[in-house]
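When a residue number appears, it is its place in the shown sequence, counting from 1.
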Amino acid sequence: MGLLERLRKEWFILGIVLVIAVARLEPAVGVKGGPLKPEITITYIAVSAIFFNSGLSLKTEELTSALMHVKLHLFVQIFTLVFFPTAIWLFLQLLSITPINEWLLKGLQTVGCMPPPVSSAVILTKAVGGNEAAAIFNSAFGSFLLGSSSSVPFTSIFSQLFMTVVVPLIIGQIVRRYIKDWLERKKPPFGAISSCVLLMIIYTTFCDTFANPNIDLDKFSLIIIVVIIFSIQMSFMFLTFLFSTRNNSSFTPADTVAIIFCSTHKSLTLGIPMLKIVFAGYEHLSLISVPLLIYHPAQILLGSLLVPTIKSWMVSRQKALKLTRQPKAPVKV
């Protein structure tokens, strides 16, 4: 494989490295309130574009089928809202005897209680080629479920989810009805479009991370927290993979991809307002926020780097399953 062909194949990984480097050089460009206005361009325009893109690319039957996939939804929501926080709490009982700052540990506990994000899990699932419709449902439902039961204003959560997820998705489905033949004939690069949007999200996320004074910890604590967060993410991704690929699980490889991302990702957009309300008046609020501020870019970076590996597994697994289901040719006597 030539160098140019290799670069073309790995363009997304190279893009991640490039946007992180650019964000490190001049984070002020992509921070909230900066020239790019990510609070508008990312939170509303980019997220809406993701779900409009999903509405265009997904068949209506796929969305309907995903809505009825109750077992998958139960798995994701129970893992996210019950197993994840419980496992983190047990893990923190061990960490409490270490010299790690207790407020950072409280921050890790709050991370475990957060719902999945609306955008990143969907984009990564789409980039791999997984069950995108199931990822859409679980990401939106998880945010709505936990957000509506918390102190964060219900109307604010509902209106933002409705305008950035539901409306673009419906519009995409309507447009699809009129250009269905053209879409099937031309096969636009929906995956590449979503990957480009994800690069924008990675860039603005790391701009916020590099510019945030709350992450100005001593190097030892910062390194330990980063290692713990990446270890948690890798461990839980592996656990969801094991649980969803058991022989009696009945999940398809595409379902497994959606489960991996939706069950392990956590929302920064909903998380920070929740922290500010729950820990209002705490002088250590900045320290409590650090784990979530690190977890968010870490989950996007790790997920993006694993896209080629997970995609390779999914494709090979689908081919293997297809071969096992083919009827065997009769033996000639």
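- Here the CG-CG distance, from L199 to L14, works out to 10.5 Å after rounding to the nearest 0.5 Å.
- Interatomic distance, N101 CG to I224 CD1, rounded to the nearest 0.5 Å: 12.5 Å.
- Under the 4.5 Å side-chain contact rule for hydrophobic residues, F79 and W89 do not share a cluster.
- Side-chain contact check for I225 versus L108: some heavy-atom pair is nearer than 4.5 Å.
- I300 is not listed as a side-chain neighbour of I123, based on a closest heavy-atom distance of 4.5 Å or more.
- Within the 3.5 Å criterion, the main-chain N or O of I174 finds no donor-acceptor partner in the side chain of R177.
- Counting heavy atoms from C-beta outward, F75 and D255 have side chains that stay 4.5 Å or more apart.
- Here the shortest heavy-atom pairing between V31 and A211 reads CG1-CB, 3.5 Å.
- Closest non-hydrogen pair, L302 versus Q233, comes out as CD2-OE1, 3.5 Å.
- Although no hydrogens or angles enter the test, the distance criterion places no donor-acceptor pair under 3.5 Å between the side chain of T98 and the main chain of L94.
- Rounding to the nearest 0.5 Å gives a distance of 10.5 Å between OG of S96 and NZ of K106.
- Here the side chain of S312 pairs no donor or acceptor atom with the backbone of P308 at under 3.5 angstrom.
- Of the possible polar contacts, one joining the K266 side chain to the G112 backbone as a donor-acceptor pair under 3.5 Å is found.
- Between the CG atom of L72 and the OG atom of S250 there is a distance of 9.0 Å, given to the nearest 0.5 Å.
- Using a 4.5 Å heavy-atom cutoff, the side chains of I88 and V111 are not in contact.
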Self-check item: Worked verdict on T256 versus M314 for side-chain contact (heavy atoms from CB on, under 4.5 Å)
Solution: CA-CA 9 Å; T256 295; M314 187 191 75; over 6 Å; no

Quiz item: Between R24 and I20, does a side-chain contact (heavy atoms from CB on, under 4.5 Å) hold up when you go through it step by step?
Solution: CA-CA 6 Å; R24 184 70 183 91; I20 293 175; 5.5 Å; no

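- Nearest heavy-atom pair, S139 versus V122, reported as atom, atom and distance to 0.1 Å: OG-CG2, 3.9 Å.
- Between P35 and A28, the closest heavy-atom pair is CD-O, 3.5 Å.
- In this structure the side chain of Y295 never reaches within 4.5 angstrom of the side chain of H265, judged on heavy atoms.
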Exercise. Check step by step if side-chain contact (heavy atoms from CB on, under 4.5 Å) holds for V128 and I260.
Key: CA-CA 11 Å; V128 173; I260 288 172; over 6 Å; no

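- Taking NE2 of H73 as the start and CD1 of I259 as the end, the distance is 10.5 Å to the nearest 0.5 Å.
- Pairing each heavy atom of P168 with each of S48, the nearest pair is CB-O, 3.3 Å.
- Both I16 and V226 are assigned to one and the same hydrophobic cluster, defined by single-linkage of ILVMFWY side chains at heavy-atom distances under 4.5 Å.
- Under a cut-off of 6.0 angstrom, the local environment of CZ in R185 is crowded, with over 12 non-hydrogen atoms contributed by other residues, nucleotides or ligands.
- The neighbour count for K180 NZ, taken as heavy atoms of other residues, nucleotides or ligands under 6.0 Å away, does not exceed 12.
- The shortest distance between side-chain heavy atoms of S263 and F84 does not fall below 4.5 Å.
- For the residue pair L105 and L95, the shortest heavy atom distance occurs at CD1-O, 3.8 Å.
- Within the 3.5 Å criterion, the main-chain N or O of M237 finds no donor-acceptor partner in the side chain of T264.
- You'll find the side chain of L58 reaches within 4.5 Å of the side chain of I136, heavy atoms only.
- Under the 4.5 Å side-chain heavy-atom criterion for Ile, Leu, Val, Met, Phe, Trp and Tyr, W182 and F52 are members of the same hydrophobic cluster.
- With hydrophobic clusters built from ILVMFWY side chains whose heavy atoms lie under 4.5 angstrom apart, V167 does not share a cluster with I45.
- Taking 4.5 Å as the limit, some side-chain heavy atom of K126 sits within range of a side-chain heavy atom of N53.
- For the atom pair CD1 (I97) and CG (L92), the distance works out to 12.0 Å, reported to the nearest 0.5 Å.
- The hydrophobic clustering, which links ILVMFWY residues whose side-chain heavy atoms are closer than 4.5 Å, places F230 and L305 together.
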Exercise. Check step by step if side-chain contact (heavy atoms from CB on, under 4.5 Å) holds for M163 and Y44.
Key: CA-CA 8 Å; M163 292 306 296; Y44 291 97; 5.7 Å; no

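- A donor-acceptor pair is defined here as one N or O able to donate and one able to accept, closer than 3.5 Å; such a pair exists between the side chain of E39 and the backbone of G33.
- The local environment of CG in N247 is sparse, with at most 12 non-hydrogen atoms from other residues, nucleotides or ligands closer than 6.0 Å.
- Relative orientation of the F210 and F206 rings is tilted, given thresholds of 30° and 60° on the angle between their planes.
- Summarising the local packing, CZ of R317 is surrounded by 12 or fewer heavy atoms from other residues, nucleotides or ligands at distances under 6.0 Å.
- Between the side chains of T60 and Q173, a donor-acceptor pair is found at a separation under 3.5 Å.
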